[in-house]
Structure formats: C-alpha cells, structure tokens
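Read the structure below first, then the notes.
The chains referred to below are lettered A, B, ... by the order of the sequence lines, with proteins before strands, and numbering in each begins at 1. The structure displayed is predicted, hence computed values, not measured ones.
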Amino acid sequence: MNKPIVRFAPSPTGYLHIGGARTALFNWLYAKKNGGKFLLRIEDTDLERSKSEYIDQITDALSWLGFDWDDNIVLQSNNKSRHQEVINQMIQSGTAYRCFLSKEELDALRTDSEKKKELFRVPKTYRDYSLEQQQVLIDQGKSSTVRLKIPDGITEFTDLVYGNIKVNNKELDDFIIARSDGSPTYNFVVAIDDSDMNISHVIRGDDHLANTPKQILVYNALGLTLPTFAHMPMILGSDKKRLSKRHAATNVQEYREKGFTATAMINYLSLLGWNPDSDQEIFNVADLISAFNFNQVQKKPATFDEKKLLWVSGQQMATMNTKVAISELESLSDKWGLNQDLKYKNNVVDLIKDRSKTLNDLIEISDVFFQDDIIYDKDMSLKILDESSVQILTDLYEALKIEEGWKKDILESIFDNLMTQHELGLGKLIKPVRFALTGLGYGPGIFDMMLLLGKDRCLLRLSGALKL
RNA sequence: GGCCCGUUCGUCUAAUGGUUAGGACUCAUGGUUUUCAUCCAUGCAAUAGGAGUUCGAUCCUCCUACGGGCUACCA
C-alpha cells in the first residue's frame, strides 16, 4: 500500500475550534500510523471573512497540539490561476458550460416553485449551447456563471466511516463551479486542490458528506483519480447543538489557557466519536497512533463533556513526570517558578502533581511556595479564624519559634502537644493552620508542606494571619 | 419541501440473533486519608416508538417520531 497523504483544510475565518482540532487529530493520527504525510491547506478564498491573523492562530494551535504538518502550507488563494485554467479547459471540452441565467431570474424561479410546493431545479437552458452560441451571448455583454454538466446516472462511493453512499445524479443540479466574477466555488476547488496535492484520504467532518458526490463528479469530469473518503461525526455542545461560537469554550487556545496539556486534549478528543476497542481510556500520543483505526469511528455525533475532559486531564497529570510538568508549566506561564531553585521547583511539583487536574491547579497551589505574600480571602478568614483558631495559631507560633530542628517528627510532636492542649483532633487543628500558611482550604499534607516551606516562611505567615 | 446520515444509562461508549445489556465520566453512599483531592467499594441509570422476519430480536427489514447535514454566484 502506498503511503497515505492526508490534509487538514481549515478556512481562516476564526480560531481553531474543538471540532476542527479533532478533524486535524484524526488526519494526523492516520498519517502517523501509516507513515504518510499530513498536509495543511488554508482555504482562504473567502476574502470577506478570511483574516491572516486567524491563520497564525490556527497554526499556533496546531503546533501546540503537536500536529506538525509536512511540506509548506498551501494557500488556496495561490492556486487561482490553476483553478481558472481548469475551468477554461472544462468549458472547451464541454464537461462544463456557461450559464446565462442571472441570480435574480433564478431567485424568482426558486421562490415560485416554493410557493407552488414544487421541487426546484435549475433550468438547463444553456446546457447544450455550443461554444459559438455561448460566444454570441458573451459578445452581447451577458454575464454568466460556469456550471458542471452532470451526467445521468448514479454516483456512489464507499466512506470509511459511513459505508456505501449512493446518490442519483438527478438529485443534483448542475452546480456552479465559477461565479459570474470568475471566482471558483468550494465544491470545485476542493476537488482540484485535493487532486493536485495527491491527497489519498480525505478525512473531514460529516457536514461534507452530502457534498462529496458533487466533488466526485468534478473528479470524474476531469478523469482524476478519486481519493478515499472518511467522514467524522460532528461534535455537539451540551445543548446537543453543533459546537459553535455560541458555546462556552470552543477555542482550542482557551483550553490551553485553562491549563490542559496537549496530551490531555488529544486523549479526550480521540475518545469523542471513536473507541479503541478496549477499555483503555488513558492514552499517550504514541499509543493513540498505534491504536487508531477508522473501524471504531462512530457514526453519530458526540457531545463534548468538559467533566470527562477534566478527569482525563487529572489522570494524565498524575502520571506525568515532574520534569515534563515543569516544562509544561514554564511554557504555559512565563512567570511560573521564576528565579526559583530547580530542586525546589521539583520538590514542589512532586508534592502537588497528583492532586491537580490541570496545570492551572498546579500553578495555584505552587504559588503558595513561590510567592512571599499570601492573599487571604476575607469571607474565608472570617469563617475559619475564630477565637479558638486564633489561639491555636498563636500557640503553634510560639512552639515553632523556639524549636531548633525542622523535621517531620518534630512537627508531629508539636501538633501532638497542641492536640492535647486544645483537646482537638488533628483535622481540626490543621484547618486554620493550612489557611494561615496558604490561604487555601486544601492542599498537600500539612507536614510535608511546612517542611518544604521552611521555618521562616511558616512563622511569617502565621504571624501574618494572626494580624488579620 | 427534496436528498443523505444518524438514534444503547444524563454524557462518552461496549456487546451478541439467546448476556442479570458491560465499561468509563458524572451523581449518591460508604471506606482509606491530618484537610482537599486521589484511591477503593457499593449504588442509581439505557437499547426512541410501532409493525414484520424468527423458536427467540438491542442486533435483520419496513414504517413513524426525533436529531443532524446538504439543498447558495459561503467554505
């Protein structure tokens, strides 16, 4: 089997969203699995809506995810003359023809049919005009579009996900391949570009499923070799509507900012609409590449569930090695761990990695170890620092102050004393202490934390909290 | 309206012409833990509806309902 060549072809009319990311992922996985190529084509022919900053956003997001593309990025707008050339060639050969029906005429006919509840079909008035007849009308100054001359018959193909799809060509109008201003339309261009790029597998969202027969007819008209098609079900928001900008967070970059790693995103996204044919749910990227297969791709749309993403992320965090975690943190936030000793950073991350679901969780807790000042939440301090808590903190402060050593067993015995002194369980003691030391209501074991924080910092914070 | 596609716990999904319809997330309860989280255990929870084929249908066929896509001189 030849090495596959696949492509991801976003239009730069917005950032890379979750659905696009999953399409890119499945393309990329397929290419990697089979030692093929993953190409990137930017469909920037909609001048009104395309913006170059979106191209940067999309490529940044793809790079972050690790979907490195092969060869240069193809800008569709650079292929204009090629598209024009093919259109001319098709007019000459008679596989396409100029249609002189105006938009107004067509609109009138369309609304008329709708009124009569009839099925609207584009009239084939100009379909069989000779080149000479067409020229006469052009000379008269009539404007025209170019339409594909669709033959009678059935168009059939086998989709890797949906199986056999069959459409009677009667259902398809001779659709426009070039507008009156000469610009080519999507269903035409996509076929030409995919063919020119030698794409062997077209892997995309199933919103393109119904357009595929049209594209196949373009391939056929030009005698081009058909690629294999694989359509992926859509991803829906929690309201069951197709994921769009209306939904909470659809931008891939937002998830990065929320502290999800690329690995966690890839892991979760792969589980949407696909299953590994086993109970495994946590994958690293290499495992995913070898497990991926179109056979297990779902036909029905999947709902994006951030709760499960969070769980996947937590599982990934727990197994991530500390070195990797540190470099992830540093690339997420350039302020994180600044000027801190590497050993210290290691210890901090080691201590809290397991209990974090995202990198942002990690940052929040690790800041406690890096920053000099603690910000205490007012409501929480009112609730936690009652009279007896203040007494506990005071006693602890005094006890720690005179203590020379800073070891776990020493801290434990100090707390033992406090327990008997205040007739309280350890849990009750820890709550105010933790709050005083971190400003948080949760975190790693108190003794480990104190050891890592160091005596000076602990005393400082205890006295700071007592001044509240 | 026409065409295409789809429908298993709330969510992601497994399964076979014969199973107590399985797992995971969420949620609840209990346990572990000095807190929180983790972890462990238990529990709640599904084959859209109706016909047909069959000894037997979640699985095969048809119909209905619902959802999605396409039907543009958008991509």
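Between the side chain of A:Ser180 and the base of B:rC73, at least one donor-acceptor pair of N or O atoms lies under 3.5 Å.
When each of B:rC70, B:rG6, B:rC12 is scored by its nearest atom to the side-chain atoms of A:Thr303, the top-ranked nucleotide is B:rC12. Among B:rC73, B:rA37, B:rU11, the nucleotide with an atom closest to any side-chain atom of A:Lys357 is B:rA37. Comparing B:rC3, B:rA75, B:rC73 by their nearest atom to the side chain of A:Lys103 picks out B:rC73. Considering only the side chain of A:Gln315, B:rC39 comes nearest among B:rC3, B:rC25, B:rC39. Distance from the side chain of A:Ala210 is smallest for B:rG69 among the nucleotides B:rG69, B:rU13, B:rU26. Considering only side-chain atoms of A:Asp277, the nucleotide from B:rA72, B:rA15, B:rA24 that sits closest is B:rA15. Distances from the side chain of A:Arg147 to the nucleotides B:rC25, B:rU8, B:rC73 place B:rC73 closest.
Put simply, the side chain of A:Ser389 gets close to the backbone of A:Ile384: a donor and an acceptor are under 3.5 Å apart.
At the heavy-atom level, A:Gln298 lies under 4.0 Å from the strands shown only through sugar-phosphate atoms. A:Leu119 comes within contact range of at least one nucleobase, with a heavy-atom separation under 4.0 Å. Counting non-hydrogen atoms under 4.0 angstrom, A:Lys214 reaches the backbone sugars and phosphates but no base.
Nucleotide B:rU35 has no partner under the Watson-Crick or G-U criteria, as no pair reaches both atom distances under 3.5 Å.
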